[in-house]
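Okay, so here's the structure we're looking at.
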Amino acid sequence: MPTTIAALVAAHPLFAGLPADTAELVAGCSHNVAFDAGELLFAEGGPADTLYLLRRGRVELELSSPGAGTLVVATLEANDVVGWSWLFPPYRWHFDARAVQPVGAIAVDGACLRAKADAEPAFGYELVKRLTAVILDRLQSTRLALLDIYSKGETS
Amino acid sequence: MTAGCGLRPRPHRVVGRRRLAGDVVSLELEPLEGEPLAFRAGQFNMLTAFGVGEVAISISSAPGEGSTLHHTVRDVGAVSHALTASRVGSLVGVRGAFGTDWGVDALEAEDVVVVAGGIGLAPLRGAIEQLVSSRTRRRRREGAPEAPHPGEHHPPREAREHHSTQPRPPHLHLSVLVGARRPDQLIFEDDLERWREAGAEVEVTVDLATPGWEGGVGVVTALVPRITACEPDRSVAFVCGPELMMRFSARALLDWGMDPERIFVSLERNMQCGCGICGHCQLGPLLLCRDGPVVRYDRTVASLLQERER
Ligand SMILES: Cc1cc2nc3c(=O)[nH]c(=O)nc-3n(C[C@H](O)[C@H](O)[C@H](O)COP(=O)(O)OP(=O)(O)OC[C@H]3O[C@@H](n4cnc5c(N)ncnc54)[C@H](O)[C@@H]3O)c2cc1C
Ligand code: FES
């Protein structure tokens, strides 16, 4: 089991396979965090300043609307990434993220990561490519949910 | 009544009826006379609602799971409505069993990944039941503890780093991934729990959570990369649900690293004779009552699924 932050970073699928010095670079912006069930990792509209690499537990992305209550948009688990709004202006969260089980994660400081990406464009490009793949996956999941893939019967 | 292949519907009595979800009813059928029908998991029967018509319905019990047959029917039209409305004690006609099966009996040491969408769990239930009970028997024979704790067999995801050296659990490498639109559309929830207790990895997700839902939210394809109990290079996959769901699930399994030759899907088309005579169920080069419903997700099937949606 890896114990240093750099080893934990390198073990997360978002950064898997990157050279050791890159993991060190990310680790330099990172620390371990824990959330109890029910606690918010971040709240909609708040300043987006952190990338969370989930190590255990489950997080719900939620939207609250008056009348409709709380809508769960997605659940994320170990090895998933929570939050990318720190990468794009205006750096605001679009959802609430709530721990629904005790959560362990690596919190990576967004401004620190952006600064390192700006200073080292090769790292920055790699980071953006990897995050874009995650974003594409989520976009595809959202599209499938919109298509309601369980309701169509045979198409003959 | 269309009864090709020299087979007449055999009258069966409805001896059990259970509503599994709003429009989904499970019927338990017993032959009025003679031996119970022989079948393999994945096959289907033509069920007759007398005076209304006949439709293809998969068998949702496992071979050897008692002397009755289970069918799970969703009320979508005239015949399925009559079937779901039939009362205990009434009669239903049964012709079959027809078609190809999941091939559970031919499996040796493979891991099995099951991906089900909505009522697609019905044709898979018998196969899962067979796998769970045969592996439980094997554990017993080999003197392993009787009832594993849930999760004992597959280390939690976070403990399983990329090139993990964790020993693989010895017996039950079965992942069951289930997706539904809403929690009230999930079926066989008690079975899911029982399979989980028997050591299978069971993950359930819905598109739209309703108050009180504590499971996952997201589409079923997103569960594939999260599988921990099975390895892509040792797995076979059984996928059943609406065609869009099967197409995207098959792609997710390929992306996970599976070989297309080891992915099986169950295709539905309107059927009439059920035994390769009338041509009603043709899909490209396949007669699905005979060459299916369970087919390998090879190039032909992949492109047929795609073409039909253009
Ligand atoms: C091999 C095989 C196995 C099957 N297994 C099952 C099973 O286990 N349980 C089950 O409930 N059905 C199953 N079906 C589907 C079932 O045969 C059809 O739904 C059948 O058409 C129902 O007949 P009906 O007269 O009630 O409705 P129809 O009058 O034929 O259809 C009524 C309406 O429902 C739509 N429809 C038809 N089929 C579906 C569907 N599957 N999903 C959503 N809408 C649909 C039609 O387009 C039509 O608009 C299976 C089909 C095949 C070929
Ligand atoms: S249903 Fe008649 S050939 Fe298949």
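Please read these numbers as outputs of a predicted model, since none were measured by experiment. Throughout, protein chains are lettered first and strands after them, A, B, ... in sequence-line order, and every chain is numbered starting at 1.
- Rounded to the nearest 0.5 Å, atoms NE2 (His12(A)) and CG (Asp80(A)) are 7.0 Å apart.
- Note that CD1 of Ile106(A) and SG of Cys29(A) are 12.5 Å apart. Values are rounded to the nearest 0.5 Å.
- Comparing Gly216(B), Gly118(B), Ala209(B) by heavy-atom pairs within less than 4.5 Å of chain A, the highest count is held by Gly216(B).
- When heavy atoms are compared at a cutoff of 4.5 Å, Glu214(B) approaches chain A solely by way of its backbone atoms N, CA, C and O.
- Here Arg182(B) does not pair with Asp207(B) in a salt bridge; the nearest charged N to carboxylate O distance is not below 4.0 Å.
- Interface residue Gln140(A): only side-chain heavy atoms are found under 4.5 Å from chain B.
- Contacts of Leu71(A) with chain B are absent, with no heavy-atom separation under 4.5 Å from either backbone or side chain.
- A cation-pi arrangement is not found for Arg296(B) relative to Phe264(B), the charged atom failing to lie both closer than 6.0 Å to the ring centre and inside a 45° cone about the ring normal.
- Here the two cysteines Cys275(B) and Cys289(B) have their SG atoms 2.5 angstrom or farther apart.
- Interface residue Val220(B): backbone and side-chain heavy atoms are both found under 4.5 Å from chain A.
- With respect to chain A, the highest number of heavy-atom pairs below 4.5 Å among Gly218(B), Gly120(B), Pro211(B), Ala180(B) belongs to Ala180(B).
- Contact count versus chain A (heavy atoms, under 4.5 Å) is highest, among Met246(B), Gln185(B), Met245(B), for Met245(B).
- Both the backbone and the side chain of Val72(A) come within less than 4.5 Å of a heavy atom in chain B.
- Taking the six-membered ring wherever Trp is involved, the centroid distance between the rings of Trp93(A) and Phe42(A) falls below 6.0 Å.
- Neither the backbone nor the side chain of Arg138(A) comes within contact range of chain B; no heavy atoms are under 4.5 Å apart.
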- Query: Checking side-chain contact (heavy atoms from CB on, under 4.5 Å) for the pair Val178(B)/Phe188(B): CA distance, chi angles, key distance, verdict?
  - Reply: CA-CA 11 Å; Val178(B) 177; Phe188(B) 302 130; over 6 Å; no
